[in-house]
Asks: 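Handing you a structure now.
Each chain gets a letter, A, B and so on, in the order its sequence line appears, and its residues count up from 1.
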Amino acid sequence: MPFSNLPLLVYIYQIWEEEGIEAIETWNVGEQQELEGDEESKLSIALDINSTCAKVAFVIISKSMNSPTPQFVPSRLSIYEPIHQIGIWGENFKRNGNPNTSTSLIVEVDNKLENESETTSHEMLAPTNNYEQEASKPIDKIQRRLAQNREAARKSRLRKKAYVQQLENSRLKLIQLEQELQRVTQQGLYMGGVLEGSHIGFSGTVNSGIAAFEMEYGRWVDVQHRQICELRTALNAHISDIELRILVKSGMGHYFELFRMKSTVAKADVFYVISGVWKTSAERFFSWIGGFRPSELLKVLVPQLDPLTEQQILEVCNLKQSCQQAEDALSQGMEKLQETVSSTVAGGPVAEDSYIPQVATAMEKLEALVSFVNQADHLRQETLQQMSRILTTRQAARGLLALGEYFHRLRALSTLWATRPPEPSLP
Amino acid sequence: MDKVMRLASEKDVVVFSKSSCCLCYAITILFQELGVTSTVHEIDQDPEGREMEKTLVRLGCNAPVPAIFVGGRLVGSTNEVMSLHLSGGLIPMLKPYQTWC
């Protein structure tokens, strides 16, 4: 790398552990030493690191002038984008002759810490030689390029994260498919139908409905993830309410889309929807009639929405109560359905080998299951709509973010669980 | 038309149902929870059941049962009742007919 004309640069990237995405530059230089220009010099710079910063990613120390090889001291989370910047800076300074002078160029940039009210000072040390006139121009360019690179790095990390998430989802789906295959081959019969002749054809249609749903749902999760990231960015960037409203509407619409998808596949195979096999294992744990409990949704959302006005608190309280009542009613209806199907299947003389009438009747009763799934989804949809009515745009956005993040974490939990190390086998 | 409307106006809260309908059962449970005793007519047990079913569909119910009438007026099916309840409109509507023991 052509660093021969580079001045000394001290360059520290600090990456926030939590996000793993946002790169915040800040560098405070406590002491700096001037380089001897015409010889290799060893550099040691004491850095006074801001106490709220988490980590130092790497320090680039560049030797000046005659020695073209820089030394890199990468530490844990190294980001190599700044290498481009150094290349650019090198070009800038090359233009201005004078190889025997070193320039210390140290820049401090305001950092974007949320919990810091004071900003670090924006300081620029003008070089002490004929670089002075040129100094301000390249500095602006450098800062602009820095910002661009930061943005590019952030976007790149977001893309990577989305891609990894997609991979995880696919991997989990693969595990589920394998389990399903195992289950089916063991049981021998998926539909459990009496009409053996036609069941193959029927299950073909069923399976294509299910296959279509699985693909759509995979896409749905990807879009969901993207929307969550957009919401998070938007909320942190303090965009206008009008723009936020658009995000909220598309977030809500996305959930409604899921309910439509579920309704379609429920007609093909309601047991598929109710089993929750299309969801990850942790999500399935909380499953109620083929999806999440509306009252559970409220429990997750409400703590994230503070502060609420008195009026809002009252309305949310009422919503919680009516949600719970509606859920109870549907749950009891489901229990009644179970009893009905059970008694139908069990009915009739056992001594005889003919069970077709009972099973056929039971089939009719099972049709009601589709209505229950639809009602449960309707309840979920109404709950979301009522919440969006009660809340302000900003609160609704936070709510959607909280909800989406919650399900995202449940999926991550499922993946983690699926990949936990196997228990050591007993001797 | 007549029988349905007649039955609907006879009692405060009327639910048209079928004997095997578990969703109808769920609705009556909800009303019970809200302190309302609903009168249930199982149209599959009624000789004029077919006509009643057609009437209910004509009145605008997607599924003929459950069909809920409050104070002689059609509220709708399960969807409408649930939406009404979550938006806070059901309890005020039922208030005159609540009977807490």
Asks: Quick check - list every chain B-chain A donor-acceptor pair under 3.5 angstrom, one line each.
Replies:
unit_1, atom_1, unit_2, atom_2, d
Asn79(B), O, His378(A), NE2, 3.2
Asn79(B), OD1, Gln375(A), NE2, 2.8
Ser83(B), OG, His378(A), NE2, 3.0
His85(B), NE2, Gln325(A), OE1, 2.8

Asks: Relative to chain A, which segment of Leu34(B) carries a heavy atom at a distance below 4.5 Å: side chain, backbone, both, or neither?
Replies: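 For Leu34(B), the side chain is the part near chain A, not the backbone.
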
Asks: Would you find more than 12 non-hydrogen atoms of other residues, nucleotides or ligands less than 6.0 Å from Phe285(A) atom CZ?
Replies: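 Not buried by this count: 12 neighbours or fewer within 6.0 Å.
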
Asks: For Ala368(A), check side chain to side chain contact (heavy atoms under 4.5 Å, CB included) against everything at least two apart and list the hits.
Replies: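 Result, side chain to side chain contact (heavy atoms under 4.5 Å, CB included) vs Ala368(A): Leu337(A).
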
Asks: Quick check on the interface: out of Ile27(B), Val81(B), Leu86(B), Leu23(B), who has the most heavy-atom pairs with chain A under 4.5 Å?
Replies: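 Heavy-atom pair counts peak at Leu86(B).
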
Asks: Could you report the tightest heavy-atom contact between Gly333(A) and Cys22(B), atom names first, then the distance?
Replies: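 Nearest heavy atoms, Gly333(A) then Cys22(B): O-CB, 3.5 Å.
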
Asks: Using every non-hydrogen atom in the two residues, find where Ala329(A) and Ile29(B) come nearest and quote the distance to one decimal.
Replies: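 Between these two residues, the closest heavy atoms are CA-CG2, 4.0 Å.
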
